Structures are given as structure tokens and as C-alpha cells.
Amino acid sequence: YEIREDDVLETPILTERQPEPVEEFSVLKSRFMEELRKKRNDLLISSDWTQLQDVQNSFDDITKNKWIVYRQKLRDITKEYSENEITDITQISWP
């Protein structure tokens with residue numbers, strides 16, 4: 001049997017598989033902060049009704065104070081999480 005050039009299989013060249021690109025921390029953090037602000041804003045909007053004058057007048061001092069503290073904690077949450085390493089919105093401890 002004569003081996004012809006067409007009969008010879010080429011040896012495949014093995015190449016090193018490139019790892020999947022990893023997003024930089026700054027990109028992850030930026031996306032996280034956007035999500036955090038959106039959720040925070042939604043929670044603030046959903047509690048805006050508590051700031052209406054007639055509603056405020058119907059609250060006792062303890063209830064008024066609880067709403068004030070809650071809403072302030074929501075406003076401050078971006079400061080709290082901008083300084084740490086968390087980039088997963090499910091790890092947020094909401095007030």
C-alpha cells in the first residue's frame with residue numbers, strides 16, 4: 001500500500017485555553033452601587049407617604065422617630081457600602 005499525501009492526517013496543534021475575562025473590581029463595584037442606589041431610591045419612594053403632613057400629624061412621637069431613623073439609614077447606606085468590598089446586592093443588610 002502506498003501512502004499518499006492525502007492520506008496523512010495532520011497533527012492538531014494544541015493551544016492553551018485562555019481563561020474567561022474577569023471583570024475588574026471597579027466595574028463590579030460601579031454596577032453594585034448603581035443597583036444599591038436604585039433599590040434604596042425605591043424604598044425611599046415607597047415610604048414617602050409617611051412624610052405627608054396629615055400622616056405625620058397622626059403619628060405618635062415614637063412612630064415619627066422610627067420613620068425618620070429608617071429613612072436616614074436608607075440615605076446613608078450608599079456611604080456605608082461604598083467603602084467596603086461587597087459587590088453582591090444580596091449581601092446588603094437593609095434597615
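Quantities reported herein were computed from a predicted structural model and do not represent experimental measurements.
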Spacing of Lys39 atom NZ and Leu74 atom CG [to the nearest 0.5 Å]: 9.5 Å

Counting only heavy atoms not in Leu52, do more than 12 sit closer than 6.0 Å to its CG atom? yes

Do any N or O atoms from the side chain of Ser46 and from the backbone of Leu43 form a donor-acceptor pair under 3.5 angstrom? yes

Would you compute the distance between atom CZ of Arg40 and atom CD1 of Ile92 and round it to the nearest 0.5 angstrom? 11.5 Å

Does Val55 belong to the same Ile/Leu/Val/Met/Phe/Trp/Tyr cluster as Leu44, with side-chain heavy atoms less than 4.5 Å apart forming each link? yes

Could you tell me whether the side chain of Lys73 and the main chain of Trp94 form a donor-acceptor pair under 3.5 Å? no

Give the cluster check for Ile89 versus Met33: same hydrophobic cluster or not, with ILVMFWY residues linked at side-chain heavy-atom distances below 4.5 Å. yes

Less than 4.5 Å apart, any side-chain heavy atom of Arg37 and any of Ile77? no

Distance (rounded to the nearest 0.5 Å) between Asn57 CG and Phe59 CZ: 10.5 Å

In Å, rounded to the nearest 0.5 Å, how long is the span from CD1 of Ile68 to CD of Gln56? 6.5 Å

Would you compute the distance between atom CD1 of Ile86 and atom CD of Glu80 and round it to the nearest 0.5 angstrom? 8.0 Å

Could you give all pairs that pass the ring-ring contact (aromatic ring centres under 6.0 Å, His included) test and reach residues 31-55, with sequence neighbours left out? Trp49-Trp67

Nearest heavy-atom contact between Tyr81 and Ser93 is OH-N, 3.0 Å

Can you run down the salt bridge (Lys or Arg N to Asp or Glu O under 4.0 Å) pairs that involve residues 43-70, sequence neighbours left out, and say none if there aren't any? Asp48-Arg71

State plainly whether one hydrophobic cluster holds both Phe25 and Leu36, where clusters connect Ile, Leu, Val, Met, Phe, Trp and Tyr through side-chain heavy atoms under 4.5 angstrom apart. no

To the nearest 0.5 Å, how far apart are CD in Glu35 and CG in Asp88? 8.0 Å

